[in-house]
Amino acid sequence: MAEIVRRVKGTRDFYPDQMAIRRWMFDIIRRVSTRFGYQEYDGPCLEFIDLYAAKSGEELVKEQSFVFTSRGGEDLTLRPELTPTLARMVAQKQYDLPLPLRWWSIGPMWRYEKPQRGRTREFFQWNIDLVGAGSVAADAEIVAVAATFLKEAGLSPDQVRIYVNNRRLMDAAFARLEISKDLGKQVFRVVDKLDKLSEPAWRKYALESGLTETQVDALLELLNDNDLWQESEELVEFFKLLAAFGIQDYVQYNPRVIRGLDYYTGTVFEAFELGGQGRAIFGGGRYDNLVADVGGNALSGVGFAMGDVVIELVLTDAGVIPANLGEKPQVLVTVFDEATLPESLKAAVRLREAGLRTVVYPEADKMGKQFKFADKLDIPVAVILGPDEVKAGQAAVKNLKTREQVVAARADLVSEVEKFLPSAL
RNA sequence: GUGCCUGUAGCUCAACGGCAGAGCGCUGCACUGUGGAUGCAGAGGUUGAGGGUUCGAAACCGUCCAGGCACCCCA
């Protein structure tokens, strides 16, 4: 086996079992997105590096992107995120598109990181955005989409929670603590660290970041104030509207959620596992200058992105991924010998015309071997067409789970097979 | 990018510096019109790669590759 060329680091093979899980997750994403009236879009996987230079964090482009020079000498990158592509697509047709836009997408992204559990170099990301609507209702709708996804995937409010905060509220609160504007971004980082460090370590980090002792004390008090949202008209309105969507159990105010990215301007939110690893599942928020950054007019939007890797781990740990996913064959038509092969093929045609997923054993072989094959593929029903059945114009239908077997007239073949099929399939 | 841990059969793992093994899985037979059980037999390895130490290395040492964990950063 040593000579098999290995997989590229950080990429994944999707064998049928894994592919079935991916398909299942993507179907939920599609269902939820389209149910809220969002339309699917996509852009190229290859982009000029310049597209990201405008907006994405320095780190994302310089350290975490797959960059290369094309044969024509162009500096290209495999897209590390979709938002800049979205911004360009909107800017290009800004006056043709009926606002607000409700767009969603799922596709591969690449980041040159060190792979470990929950993090690969090639991953899929669900992006969903409401562009051109600046209202609190728009914020609530996007969060409702996110919560509906969690619900549809089978996760309960006991297992996951979407934490919401507001950048403007926090800016105002920081101003009251007389934290200078220059320190703004750094303070966001300090807040972000709170749950990741021990309190002494966090305090040390906060002081090193330029805060005074009294500011650190006040900040800590602020970040434990779960009623802070009541000072924000926007958040009060937000939670009022959210209740109308009927998913408010999934959503909670949390002053510690702030998001690392610079471009968020209002509502920010992030979903976490409550038990287990406490993993971050997705994050998003409102941005105001998205389209302007790539040369269009200012347009406000709200959206979020979710990677497929972590959510799959969360769903697996929660035990909510159904067994027997995937469209496995339902019927095996056995092949008795060369002479009866055409009859087996004809029977298969009838079964397929009835919409049944039908496999014909590829050659005449011992019945035992053919049943064994069906067993391994978890095919529930076998059809036998030996010389006796062919002569009588019949077919034997065997339930491989119960070993029950009936002889059916050829015209009744499909209905007899369907009787043995589990309704769930 | 940094630190730590781990790489042995398809899978999960054994083997004191001294003959590379087990379970599961796989193939065949018992079983020429009926499977999962059982029994018997068989195939399958350059011990991740290439060096070094040693009479002797899967084991010890350093290098590379790959995976895991923690940082970093984030999805």
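Here is the naming used below: chain letters follow the sequence lines, and residue numbers restart at 1 for every chain.
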Stepwise, does the side-chain hydrogen bond (donor to acceptor under 3.5 Å, both in side chains) test hold for Asn226(A) with Tyr253(A)?
-> CA-CA 7 Å; Asn226(A) 289 327; Tyr253(A) 176 71; over 6 Å; no

Could you check Tyr52(A) against Thr85(A) for side chain to side chain contact (heavy atoms under 4.5 Å, CB included), going step by step and ending with a plain yes or no?
-> CA-CA 9 Å; Tyr52(A) 304 96; Thr85(A) 300; 4.1 Å; yes

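If you take CG of Leu313(A) and C1' of rA75(B), they are 12 Å apart, rounded to a whole angstrom. Rounded to a whole Å, the NZ atom of Lys398(A) is 11 Å from the P atom of rG36(B). The distance from atom CZ of Arg111(A) to atom P of rC74(B) is 9 Å, rounded to the nearest whole Å. The distance from atom CG of Asp378(A) to atom C1' of rG35(B) is 13 Å, rounded to the nearest whole Å. Atom CD of Gln405(A) is separated from atom C1' of rG33(B) by 9 Å (rounded to the nearest Å). Residue Met306(A) contributes atom CE, which lies 10 Å from atom C1' of rA75(B) at whole-angstrom precision. Remark: C1' of rC73(B) and OH of Tyr112(A) are 16 Å apart, rounded to the nearest angstrom. Rounded to an integer number of Å, the gap from Arg403(A) CZ to rU34(B) C1' is 9 Å.
Under a 4.0 Å N-O distance rule, the pair Arg12(A)/Asp308(A) qualifies as a salt bridge. Under a 4.0 Å N-O distance rule, the pair Glu234(A)/Arg168(A) qualifies as a salt bridge. Between Glu213(A) and Arg203(A) there is a salt bridge, since a side-chain N of the basic residue sits under 4.0 Å from a carboxylate O of the acidic one.
At most 12 non-hydrogen atoms from other residues, nucleotides or ligands lie less than 6.0 angstrom from CD of Glu338(A). With a 6.0 Å radius and a threshold of 12 heavy atoms from other residues, nucleotides or ligands, Phe48(A) has its CZ atom at or below the threshold.
Across rC69(B) and rA30(B), the matching P atoms stand 49 Å from one another, rounded to whole Å. A gap of 14 Å separates the P atoms of rG62(B) and rG3(B), to the nearest Å. For the P atoms, the distance from rU53(B) to rC11(B) is 33 Å, rounded to whole Å. Using atom C1' as the reference point in both rG36(B) and rC24(B), the two lie 16 Å apart (nearest Å).
Within residues 359-371 of chain A, the residues approaching RNA chain B are Lys366(A), Met367(A), Gly368(A), Lys369(A), Phe371(A), by heavy-atom distance under 4.0 Å.
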Check nucleotides 40-44 of chain B against the protein and report each pair of N or O atoms closer than 3.5 Å, with its distance, or say if there are none.
none

Polar-atom pairs under 3.5 Å, protein N or O versus N or O of nucleotides 66-70 of chain B: list them with distances, or write none.
residue, atom, partner, partner atom, Å
rG68(B), OP2, Pro115(A), O, 3.4
rC69(B), OP1, Arg117(A), NE, 3.2
rC69(B), OP2, Arg117(A), N, 2.4

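Among Glu389(A), Glu343(A), Glu416(A), the one residue that satisfies the salt bridge (charged side-chain N to carboxylate O under 4.0 Å, His left out) test with Arg410(A) is Glu343(A). Pro329(A) pairs with exactly one of Thr358(A), Asp378(A), Ile379(A) by the side-chain contact (heavy atoms from CB on, under 4.5 Å) rule, that one being Ile379(A).
A distance-only check finds no donor-acceptor pair linking the side chain of Asp288(A) to the backbone of Ser300(A) [under 3.5 Å].
Distance check, rounded to the nearest 0.5 Å: OG1 of Thr83(A) to CD of Gln125(A) gives 7.0 Å.
Checked by distance alone, Glu270(A) brings no side-chain donor or acceptor within 3.5 Å of a matching partner on the base of rA75(B). You'll find a donor-acceptor pair under 3.5 Å spanning the side chain of Glu389(A) and the base of rG33(B), going by distance alone.
In this structure, Ile281(A) reaches the sugar-phosphate backbone alone: every heavy-atom distance under 4.0 Å involves primed, P, OP1 or OP2 atoms, never a base. Using a 4.0 Å heavy-atom cutoff across all strands shown, Phe336(A) reaches at least one base atom of the nucleic acid. Among the atoms of the strands shown, none is found under 4.0 Å from any heavy atom of Asp308(A). Looking at heavy-atom distances under 4.0 Å, Thr340(A) makes no contact with the nucleic acid at all. Nucleic acid contact for Phe282(A): sugar-phosphate only, since backbone atoms but no base atoms lie under 4.0 Å from a heavy atom of the residue.
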Let me have RNA chain B in dot-bracket notation, would you? Count Watson-Crick plus G-U wobble pairs, both distances under 3.5 Å, and use [ ] for pairs crossing earlier ones and | for inter-strand partners.
-> (((((((..((((....[..)))).(((((.......))))).....((.((..]....)).)))))))))....

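Under the ring pair (Phe, Tyr, Trp, His ring centres under 6.0 Å) criterion, Phe239(A) pairs with Trp229(A), sequence neighbours left out.
Contact annotation: Lys376(A) reaches the phosphate of rU27(B) (side-chain N/O to OP1 or OP2, under 4.0 Å).
Once the 5.5 Å centre distance and the 30° plane angle are applied, the aromatic ring of Phe373(A) is found not to be stacked with the base of rG35(B).
Pairs passing the ring-ring contact (aromatic ring centres under 6.0 Å, His included) check and including a residue from residues 144-172 of chain A, sequence neighbours excluded, read Trp126(A)-Phe149(A), Tyr163(A)-Phe272(A).
Between the side chains of Thr402(A) and Asn399(A), at least one donor N or O sits under 3.5 Å from an acceptor N or O. Between the side chains of Asn224(A) and Arg256(A), at least one donor N or O lies within less than 3.5 Å of an accepting N or O.
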